[in-house]
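Reading through the structure tokens given below for one structure.
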There are 2 protein chains.
Amino acid sequence: MEQRIDRIKKQLHSQSYKLTPQREATVRVLLENEKDHLSAEDVYLLVKEKAPEIGLATVYRTLELLNELEVVDKINFGDGVSRYDLRKEGADHFHHHLVCIECGSVDEIQEDLLGEVEKIVENDWRFKIKDHRLTFHGICYRCHEKQDTGEESGSEVKELN
Amino acid sequence: MEQRIDRIKKQLHSQSYKLTPQREATVRVLLENEKDHLSAEDVYLLVKEKAPEIGLATVYRTLELLNELEVVDKINFGDGVSRYDLRKEGADHFHHHLVCIECGSVDEIQEDLLGEVEKIVENDWRFKIKDHRLTFHGICYRCHEKQDTGEESGSEVKELN
DNA sequence: ATGATAATGATAATAAAAATCACTTTATAA
DNA sequence: TTATAAAGTGATTTTTATTATCATTATCAT
């Protein structure tokens, strides 16, 4: 955690940005909620618990900055809000998502999966790939099992909204 | 074109919706701009040329309806607007996109490409896939060639914004 | 025709994100 | 150290895409 923050700090400095207390608090929230897919508003509320003086605008600016530095990826699952997803350190590709249309859960796939596909795209379409977004919409294993046992589709899994 | 509209009409009727003149005008605009990725506003302006009495709300409602019927797919390339993309007739999967970060052009890949990947996702994650979104961000062949010949990066390709 | 329902258009309401601006903090250089 | 520029912040306003509302109109079944 601390090492991770330290590396982000260096990354900021290398582009002559500073790791201000507000930025650090924001990064900490992202690290502590690595598995979630927080909106700017979500991040704002969480940061406010620890640094109540922070303003929403600063959170937006920080997230924008972290996005430029490729520390986070901005992603949109089709509801109207942008979500910010920490990029795995050293990951050369953005991970994939499974969005459940039943319960709203979002799971991540860290495996590459697209190696072959990207070769085809680069060769056949002469397209130099810099980034990708792959999201599957469907029914997650939890909702499957619920349906199998006749259990109701509840909200034990964190909802998207 | 006419046959296509006729089939959409039947599809609407099968769910007891009507193909009103406004809806037909909207569908025509989508068909006439099949290769583009129009926002609701874009569609509105184009429809207005032919049916000036139409209201923006109706366009939004129609696009929403066509999205439910899977005639169009709502997609978001990361700029703040939703875009509406005609689904190829008979296509059992949503096509993929190549977004150029130089010129903003958006090309489509109709080939499936994800067959193997989806098998893995369904098996390893026990996830029942209903839909997917795959977008690559990078440099398109046109911008490549421009850079090679030292030509400036212009706007002969339709911009995203 | 007539009553019920669906659809429309104008407009207002909502809400996410961006812009503005006065103020504060930090860094730099005399 | 001081002062002077630059960067960053917080409160607020503005912008803009989308949704909701509601009175009016068109359509359909009886």
Side-chain angles (χ1 to χ4, degrees), chain A residues 8-27 29 37-69 72-85 160-161, chain B residues 8-9 11-29 37-69 72-85 160-161:
Chain A
I8 291 172
K9 186 176 185 174
K10 278 179 190 129
Q11 211 180 334
L12 282 161
H13 286 162
S14 77
Q15 317 237 1
S16 52
Y17 293 115
K18 297 167 220 169
L19 184 62
T20 64
Q22 291 90 338
R23 285 176 185 168
E24 183 172 336
T26 304
V27 168
V29 162
H37 299 82
L38 304 173
S39 67
E41 188 77 27
D42 293 337
V43 173
Y44 174 60
L45 293 173
L46 288 168
V47 176
K48 246 186 172 296
E49 292 174 9
K50 302 189 164 185
E53 77 291 352
I54 202 171
L56 178 57
T58 300
V59 171
Y60 269 104
R61 282 184 291 233
T62 301
L63 291 171
E64 196 54 44
L65 180 58
L66 293 173
N67 186 55
E68 274 167 35
L69 295 178
V72 301
D73 283 295
K74 197 175 181 177
I75 191 165
N76 194 303
F77 292 125
D79 56 344
V81 291
S82 293
R83 295 175 183 279
Y84 297 86
D85 204 355
L160 188 53
N161 261 336
Chain B
I8 292 171
K9 186 175 186 175
Q11 210 179 336
L12 282 161
H13 285 163
S14 77
Q15 318 237 0
S16 53
Y17 293 115
K18 296 167 218 165
L19 185 63
T20 64
Q22 292 90 337
R23 285 175 184 168
E24 182 171 336
T26 305
V27 168
R28 280 184 190 281
V29 162
H37 299 82
L38 304 173
S39 67
E41 188 77 29
D42 293 337
V43 174
Y44 173 60
L45 293 173
L46 288 168
V47 176
K48 244 182 172 295
E49 290 175 9
K50 301 190 164 182
E53 77 291 353
I54 202 169
L56 178 57
T58 300
V59 171
Y60 269 102
R61 282 183 291 233
T62 301
L63 291 172
E64 197 53 45
L65 180 59
L66 293 173
N67 186 55
E68 276 166 35
L69 295 179
V72 302
D73 282 294
K74 197 175 181 176
I75 191 166
N76 193 304
F77 292 126
D79 57 343
V81 290
S82 294
R83 294 175 184 278
Y84 298 85
D85 204 355
L160 187 54
N161 263 335

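Numbered from 1 within each chain, the chains take letters A, B, ... in sequence-line order. This one's a predicted model, so the numbers in the text were calculated from it and none came from an experiment.
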Take the protein atom CG of A:Leu38 and the nucleotide atom P of C:dA17, then report the distance between them rounded to whole Å. 13 Å

Go through the steps for A:Val29 and A:Leu38 under the test side-chain contact (heavy atoms from CB on, under 4.5 Å), then give the verdict. CA-CA 10 Å; A:Val29 162; A:Leu38 304 173; 4.2 Å; yes

Provide, to the nearest angstrom, the distance between the OH atom belonging to A:Tyr44 and the C1' atom belonging to C:dA15. 15 Å

Separation of C:dA6 P from B:Leu65 CG (nearest whole Å): 13 Å

From OH of A:Tyr17 over to P of C:dA27, roughly how many Å is that when rounded to an integer? 16 Å

Taking only the side-chain nitrogens and oxygens of A:Arg61, find out if one of them lies under 4.0 Å from OP1 or OP2 of D:dT9. no

Rounded to whole angstroms, how far apart are OH on A:Tyr60 and C1' on D:dT16? 13 Å

Between B:Glu53 (CD) and C:dT8 (P), how many Å, whole number? 11 Å

Look at all strands and tell whether A:Leu56 reaches a base, only sugar-phosphate, or nothing, counting heavy atoms closer than 4.0 Å. nothing

Do B:Tyr84 and B:Leu66 have side-chain heavy atoms sitting under 4.5 Å apart? no

According to a strict under-4.0 Å criterion, is A:Thr20 in side-chain N/O contact with OP1 or OP2 of D:dG8? no

Output the rounded distance in Å from CG (B:Asn67) to C1' (D:dT18). 14 Å

Backbone N or O of A:Leu69 within a donor-acceptor pair of the A:Gln11 side chain at under 3.5 Å? yes

Below 4.0 Å: OP1/OP2 of D:dT18 and any side-chain N or O of B:Ser82: yes

At less than 4.0 Å, is any side-chain N or O atom of B:Gln22 found next to OP1 or OP2 of C:dG9? Yes or no. yes

Heavy atoms under 4.0 Å, any strand shown: does B:Glu41 hit a base, just sugar-phosphate, or nothing? nothing

Could you check whether any side-chain heavy atom of B:Ile54 comes within less than 4.5 Å of a side-chain heavy atom of B:Thr26, counting everything from C-beta outward? yes

Among the nucleotides D:dG8, D:dT12, C:dA7, whichever has the atom closest to the side chain of B:Arg23 is C:dA7

Using whole Å, report how far NZ of B:Lys9 lies from P of C:dA7. 14 Å

Among C:dA7, C:dA17, D:dT18, which nucleotide sits nearest the side chain of B:Lys18? C:dA7

Nucleotide opposite D:dT30 in a Watson-Crick or G-U pair, distances under 3.5 Å: C:dA1

Evaluate the side-chain proximity of B:Glu64 to B:Lys74: yes if any heavy-atom separation is below 4.5 Å, no if none is. yes

